[in-house]
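Chain letters run A, B, ... following the sequence lines, proteins first, then strands; residues in each count from 1. Every value quoted in this text rests on a predicted model; they were computed, and no experiment measured them.
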Amino acid sequence: MDLRYSEAEEKFRLELRQWLADVVPKLGPKASSLDWPARRTYDTAWQRMLFDAGYAGIDWPVEGGGRAASPVEHLIYLEELERAHAPYVGVNFVGLLHAGPTIVVEGTPEQRARFLPPILRGDEVWCQGFSEPGAGSDLASLRTKAVRDGDEYVVTGQKIWTSHAEVADYCELLVRTGDDDSRHRGITWLAMPMDRPGIDFRPLKTIAGSTEFGELFLDGVRVPVANRMGEENDGWRVTMVTLSFERGTAFVSEVLQSMGFLRDLREMAKRTGAWSEGDVRRRMGHLGAELDALWALARRNVSQAARTGVPGVGGSVYKLGLSELRQRIGEFGMDLIGGAGLSWDELEGLDGAGPIGNADQVNTWVHGFSRTIAAGTSQIQRNIIAERILGLPKG
Amino acid sequence: MDLRYSEAEEKFRLELRQWLADVVPKLGPKASSLDWPARRTYDTAWQRMLFDAGYAGIDWPVEGGGRAASPVEHLIYLEELERAHAPYVGVNFVGLLHAGPTIVVEGTPEQRARFLPPILRGDEVWCQGFSEPGAGSDLASLRTKAVRDGDEYVVTGQKIWTSHAEVADYCELLVRTGDDDSRHRGITWLAMPMDRPGIDFRPLKTIAGSTEFGELFLDGVRVPVANRMGEENDGWRVTMVTLSFERGTAFVSEVLQSMGFLRDLREMAKRTGAWSEGDVRRRMGHLGAELDALWALARRNVSQAARTGVPGVGGSVYKLGLSELRQRIGEFGMDLIGGAGLSWDELEGLDGAGPIGNADQVNTWVHGFSRTIAAGTSQIQRNIIAERILGLPKG
Amino acid sequence: MDFELSEDEAALAQGIRSLCAGRFPLERLRAAEGGDGLVDAEGWTELADAGVFSLQLPESAGGIGLGMAASSVVFEELGRALLPGPILASHLASYLVPDAADGAADGKVMVGAVRRPPTSGTEAFVPALVEHLSSLGVLIVVGDDGLAAVDPADVDAVRIGRPLDPLTPLWRVDELPEGRPVGGAEQARRWRRDQAVLGGALLVGLAAGTLDMAVAYAKEREQFGKPIGSFQAVKHMCADMLVAAETARAAVHAAAVTIDQPGVGDPERAAAGAGLLASEAAIKNGKICIQVHGGMGFTWEVPAHLYLMRARVLSQAIGPVGGLAELVAELY
Amino acid sequence: MDFELSEDEAALAQGIRSLCAGRFPLERLRAAEGGDGLVDAEGWTELADAGVFSLQLPESAGGIGLGMAASSVVFEELGRALLPGPILASHLASYLVPDAADGAADGKVMVGAVRRPPTSGTEAFVPALVEHLSSLGVLIVVGDDGLAAVDPADVDAVRIGRPLDPLTPLWRVDELPEGRPVGGAEQARRWRRDQAVLGGALLVGLAAGTLDMAVAYAKEREQFGKPIGSFQAVKHMCADMLVAAETARAAVHAAAVTIDQPGVGDPERAAAGAGLLASEAAIKNGKICIQVHGGMGFTWEVPAHLYLMRARVLSQAIGPVGGLAELVAELY
């Protein structure tokens with residue numbers, strides 16, 4: 001077990017750190033979360049800067065146009081971005097983290113040449129059309145229908161939880177091409193251009209009051225067969241391929257961010273005097289120890305990925321542990337600020353105590369509720385752990 | 001909603017309290033928990049005293065020889081016994097709380113005359129032979145076989161969790177008289193005399209080091225058909241009948257006892273200085289509030305039973321809540337005494353701080369583990385609540 | 001001893017439930033989300049006519065002359081209906097500070113309340129946040145040593161743009177006026193005690209409301225070919241919700257009756273415990289309700305969050321659970 | 001950076017696991033329950049030969065010269081095997097106070113340790129309880145400001161009739177001798193830190209051991225016509241056990257490596273966090289293991305309780321979790 005970085009890794013870190021120190025301060029202010037075109041402009045401009053500096057597709061293979069960084073370098077990359085308060089992938093996230101990797105592995109040379117460079121350069125934005133109102137945890141029950149008509153598929157159905165559709169050029173779409181009850185065996189993966197007729201998008205407001213995702217209504221949308229990734233009815237396998245891209249670096253930014261959040265809470269508690277209460281210190285120390293442990297687990301997963309190509313059993317354990325922990329961290333923040341938690345607006349404290357920072361606490365708390373649901377509920381994670389890792393029999 | 005007692009109820013309480021004040025101080029010291037004959041002598045002598053004073057079978061109907069106290073009087077009875085530190089039912093518990101009530105409802109006049117008076121007088125002690133090594137939560141899968149031979153059943157099989165078998169005269173026994181796969185439909189209830197040949201008992205040591213229960217091995221034991229309660233193959237219904245005896249008074253003694261335990265912990269914490277820690281006070285107050293609420297729930301269940309004859313939905317809620325709470329109370333006690341919890345022997349504190357009382361804390365903690373298992377695990381209780389109360393569909 | 005609801009109490013609860021369902025259905029409340037005047041004057045009068053504000057005012061003073069038990073069943077229903085507005089303070093003021101709350105009992109005046117922020121300790125840095133300020137006729141300031149009445153027009157306040165609960169508008173007040181003293185330390189203590197119990201009743205209503213929502217969704221929503229309520233994980237979450245709600249309900253009712261009936265117990269301890277358990281039940285159940293609804297639970301459309309945010313508002317009003325627990329411990 | 005076990009570390013763990021399985025199988029340990037000399041002198045020598053006590057002693061002093069990382073994988077295996085005896089103190093003493101622990105490294109002397117009870121504060125009322133006293137050649141007394149060596153023959157002690165863990169005999173000592181100073185405050189701090197990490201490793205072994213037991217039972221035990229492990233409630237309990245064990249294991253390993261490799265992090269914070277999470281994982285998993293076994297879990301025969309009781313013993317040795325949490329908070 002070795003937690004020291006090699007000379008090459010330290011060099012990678014140093015170069016990146018210097019570049020970030022150079023460019024991040026020059027970035028303009030972040031776009032309002034409600035102004036989608038501005039968000040696209042901001043996020044894709046950042047992506048272009050990464051591209052020009054050679055950091056785009058950090059973990060993509062070279063043949064896909066990526067940098068093919070090792071899992072450890074990828075980890076360093078995330079650490080340094082977080083440390084520099086650099087922008088996160090933003091609207092580029094489906095393209096960079098999901099659709100792109102799928103095309104790298106499953107695309108024909110033509111498809112790779114068509115789709116990958118614009119993602120890496122920040123020229124094209126992707127969204128995801130996987131889940132449906134009736135197919136959440138049970139994704140294989142999806143019903144959006146695609147019927148072949150010449151060299152096009154005609155797609156009709158409804159998707160949900162589609163992020164960034166307002167500004168997306170393409171949608172990675174799962175459709176049913178097999179019988180209604182074909183489940184995993186009758187699904188096909190399509191790259192749907194978002195400018196086609198028949199696409200309607202209705203944003204869904206979250207409990208945080210924002211509109212990060214929405215519903216996609218598809219009525220006879222024509223998608224070229226040339227946009228199909230892999231074979232017809234083989235879309236389930238194609239989709240799963242992307243998971244093999246995971247190198248244990250998922251949610252790493254969130255762990256590091258949460259550590260900073262805890263330190264902020266400590267500063268605030270010291271200012272308000274709450275720090276003198278033993279149970280405040282104990283709760284904070286306990287949460288901190290858990291975060292430290294998850295950070296250790298992340299490095300373990302990354303190390304296993306570096307050795308074997310896959311992060312191993314740690315993934316679900318880490319996801320379950322982190323999402324549950326995030327909720328408890330959110331509750332701790334809310335408890336610490338007491339009445340100030342009743343406002344989403346940033347408050348100034350009395351008696352010159354400065355800003356309370358309550359907008360952060362409230363956001364952390366409220367967004368925490370999505371953590372145990374999105375990307376596999378905690379219940380599904382426990383099933384996966386029990387059945388795939390511990391070998392307990394299926395229900 | 002009325003928490004005041006009627007004049008008649010207060011009179012009942014006062015008479016009982018006076019009688020207890022008179023007799024309890026005269027009781028000799030409790031028998032060692034390892035000396036079974038002495039325990040039988042002590043417990044049955046107490047039962048005889050209750051009988052002579054007219055309190056035996058407090059909740060049994062008059063036709064069964066009981067006092068037919070109302071659920072509220074029964075509650076008062078338990079309160080006063082706890083308040084006076086009077087003995088609990090001890091070895092008489094299966095007879096008084098389970099087998100007896102079953103015979104009251106299901107027995108023929110001859111059976112009632114034969115079995116009930118000795119239970120009430122403390123002359124005969126019963127044990128229970130329901131569970132089997134392979135039939136725990138799934139009682140209906142029991143396999144102990146009874147074959148009719150003339151006017152006797154010949155019983156062969158194995159039972160487990162049988163309490164007080166060392167000193168029992170009878171065993172309320174569930175046997176399979178139907179096909180192997182007849183489940184609920186092929187079970188028969190027998191009163192098995194414990195002096196018959198073919199009965200072997202092996203005590204099971206608990207994690208507390210005691211032997212409260214054990215395994216009963218039955219090899220061709222002959223039980224008269226006259227000892228069958230109800231019809232052949234109707235034993236499941238016969239058994240369930242006893243549940244209808246429940247009037248919301250189950251575990252009431254445990255709630256009251258736990259309140260006393262918490263108060264003892266507070267006294268100890270004040271002595272040691274732990275009381276100055278905010279989180280000790282908060283944990284204790286929280287546990288206390290939960291106990292108060294369960295005591296309120298108990299009175300609600302009793303009230304409902306007084307109105308309708310059954311305690312209603314509260315039973316499983318109360319059982320689940322209490323058994324989980326008992327475990328947390330046990331952990332609190334252990335945490336409070338720190339290192340002293342490493343010894344089952346009663347310790348004296350340093351610096352004249354008096355006895356630590358750690359034997360109580362350790363016992364409470366260790367016995368707590370059985371609470372979420374015995375009489376229906378917490379998992380089974382949650383199933384019952386979800387399916388029978390909330391109407392969620394069966395798995 | 002009969003701790004079940006009396007016929008009168010059950011009828012009272014049923015009446016309020018019908019009133020809320022007919023007059024204040026959730027769709028209607030939601031239509032006013034984020035605005036002022038969430039309860040119009042006419043609606044407020046209907047609540048008054050149903051006795052919501054005058055329940056505990058003596059008959060001699062024009063009230064109904066009932067006690068905390070009756071109020072607790074009423075407030076549970078109001079909580080379950082997510083009824084907005086300063087209902088609790090208006091109710092408390094009508095019998096605790098009747099002189100300062102003229103018009104409260106018959107719904108002519110809405111009364112609000114706010115705890116005076118402590119001048120030392122961990123909460124001393126948070127400004128006062130006053131609910132529903134623009135609708136109030138009187139604001140009661142609850143201090144440790146007494147109650148004061150403040151004219152809302154005298155309050156220098158800034159409206160909060162985004163209150164946590166979209167059905168509870170909030171104003172920030174940096175300097176609360178001293179106001180006119182209307183009660184001493186004993187009345188302030190009674191205010192806090194009764195507020196814990198009836199705030200607890202509202203919270204129990206929230207806990208029961210989210211339980212009902214979760215169970216209904218678990219029966220209807222299908223995944224993997226069957227209702228999600230047939231999976232043990234979901235079943236057990238719902239069972240835990242029921243335990244939380246029923247336990248807190250028993251605690252709230254016991255506290256109410258213990259206040260009404262001297263001699264049956266310690267009302268201070270019962271009230272603190274009831275507020276504590278009701279707070280926790282409402283917050284826990286709100287959270288589980290979101291989880292049972294999956295992604296939909298995270299949408300604004302599904303009202304689970306409204307119950308959860310209201311639970312935070314009420315929990316804050318009756319005092320942090322840690323303080324309530326310490327009070328129980330002292331009195332145990 | 002490669003945080004997986006190295007080949008050497010994996011081989012070391014495997015070697016210790018084989019040694020324990022062959023030489024100290026659970027049936028054999030259990031046969032000695034409640035007695036002294038749970039590990040005979042011969043067995044102790046075999047542990048020494050395997051390097052258990054000399055792992056961190058420099059090669060120049062006749063040791064193996066490895067670090068905390070190697071020790072942590074060894075102690076996890078010893079914990080999983082429920083190995084009794086003063087293994088942790090003997091190991092720590094061999095490299096932290098080698099002069100006072102002559103013979104510890106090669107297994108000729110067993111070294112025990114006890115924390116000097118504080119003279120004020122909440123723990124001041126509990127007498128010192130010394131483990132394995134009758135087997136010890138030296139007793140190290142760990143105080144806040146230093147380490148002292150005491151001759152066990154000089155200790156006035158009363159044997160505890162029923163220790164919580166039947167595999168850890170205990171003696172009550174009202175007056176601990178001052179002893180001979182063998183280390184200052186810095187060495188005492190190091191002792192406590194390394195003890196938290198390697199005690200944590202033992203606890204992770206316990207947590208993993210009960211997980212294995214629970215999973216095996218859940219696969220084999222049938223109720224309602226199928227293995228209980230096919231019920232979600234049982235599945236999810238086992239999944240939670242794995243999360244607890246794996247998270248604590250990562251924390252313990254990270255703490256060990258952070259001590260070995262200056263500059264990769266704060267060793268004090270990592271050690272306190274590791275001890276904290278390992279304590280909780282072992283106690284939680286012990287409890288769930290009993291629950292998964294149902295009634296059988298409450299019997300002496302099923303060894304679930306042995307893991308749980310040992311967890312309490314070790315948790316107490318490395319310090320209450322509250323104190324560890326406060327230390328993490330200070331250093332965060």
Evaluate whether atom [atom1] of [X] has more than 12 neighbouring non-hydrogen atoms of other residues, nucleotides or ligands under 6.0 angstrom away.
| X | atom1 | result |
| --- | --- | --- |
| A:R388 | CZ | no |
| A:D264 | CG | yes |
| A:K270 | NZ | yes |

> Less than 4.5 Å apart, any side-chain heavy atom of D:R269 and any of A:D292?
Replying inline: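 Yes, side chains in contact.
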
> So, do D:L242 and A:V317 sit near enough that their side-chain heavy atoms are less than 4.5 Å apart?
Replying inline: yes

Out of [options], return the one with the most heavy atom pairs under 4.5 angstrom to chain D.
| options | answer |
| --- | --- |
| A:G391, A:A386, A:S303, A:G278 | A:S303 |
| A:Q381, A:M259, A:E290 | A:M259 |
| A:L262, A:L392, A:D279 | A:L392 |
| A:L294, A:N383, A:V72 | A:N383 |

Chain D contact via [X] - which portion, at a heavy-atom distance below 4.5 Å:
| X | value |
| --- | --- |
| A:L320 | side chain |
| A:R266 | side chain |
| A:R283 | neither |
| A:I384 | neither |
| A:W275 | side chain |
| A:I76 | neither |
| A:E324 | neither |
| A:Q379 | both |

> Would A:L297 and D:R249 count as a side-chain contact (heavy atoms from CB on, under 4.5 Å) if you check the C-alpha gap in whole Å, the side-chain angles of each, and the deciding distance to 0.1 Å?
Replying inline: CA-CA 9 Å; A:L297 206 54; D:R249 174 183 282 123; over 6 Å; no

To the nearest 0.5 angstrom, please state how far the [atom1] atom of [X] sits from the [atom2] atom of [Y].
| X | Y | atom1 | atom2 | value |
| --- | --- | --- | --- | --- |
| D:L277 | A:H286 | CG | NE2 | 6.0 Å |
| D:H236 | A:I385 | NE2 | CD1 | 9.0 Å |
| A:S70 | D:M1 | OG | CE | 8.5 Å |

Closest non-hydrogen atom pair, [X] against [Y]:
| X | Y | answer |
| --- | --- | --- |
| A:A296 | D:A251 | CB-N, 4.5 Å |
| A:A289 | D:L276 | CB-CD2, 3.7 Å |
| A:R300 | D:A250 | NH1-CA, 4.2 Å |
| D:S230 | A:K394 | CB-O, 3.7 Å |

Using non-hydrogen atoms and a 4.5 Å limit, figure out which bit of [X] sits close to chain A: side chain, backbone, both or neither.
| X | answer |
| --- | --- |
| D:V73 | side chain |
| D:E9 | side chain |
| D:D260 | neither |
| D:L5 | both |
| D:E330 | backbone |
| D:Y332 | both |
| D:L211 | side chain |

> For A:L3 and D:F3, what are the C-alpha separation, side-chain angles and deciding distance, and is it a side-chain contact (heavy atoms from CB on, under 4.5 Å)?
Replying inline: CA-CA 6 Å; A:L3 288 174; D:F3 190 47; 3.6 Å; yes

> Most heavy-atom pairs under 4.5 angstrom with chain A, which of D:G323, D:A248, D:G322, D:G263?
Replying inline: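 Sorted descending by pairs with chain A, the first entry is D:G322.
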
> If you count heavy-atom pairs under 4.5 Å between each of D:G273, D:A239, D:C238 and chain A, which one has the most?
Replying inline: D:A239

> Are D:K235 and A:E387 ion-paired here, with the side-chain N under 4.0 Å from a carboxylate O?
Replying inline: yes

> Can D:T247 and A:Y318 be said to form a side-chain contact (heavy atoms from CB on, under 4.5 Å), step by step?
Replying inline: CA-CA 8 Å; D:T247 310; A:Y318 173 66; over 6 Å; no

>> What verdict does the side-chain contact (heavy atoms from CB on, under 4.5 Å) test give for D:D2 and A:M1, after you've listed the backbone C-alpha separation in whole Å, the side-chain angles of each residue and the deciding distance to 0.1 Å?
In response: CA-CA 6 Å; D:D2 179 3; A:M1 294 182 285; over 6 Å; no

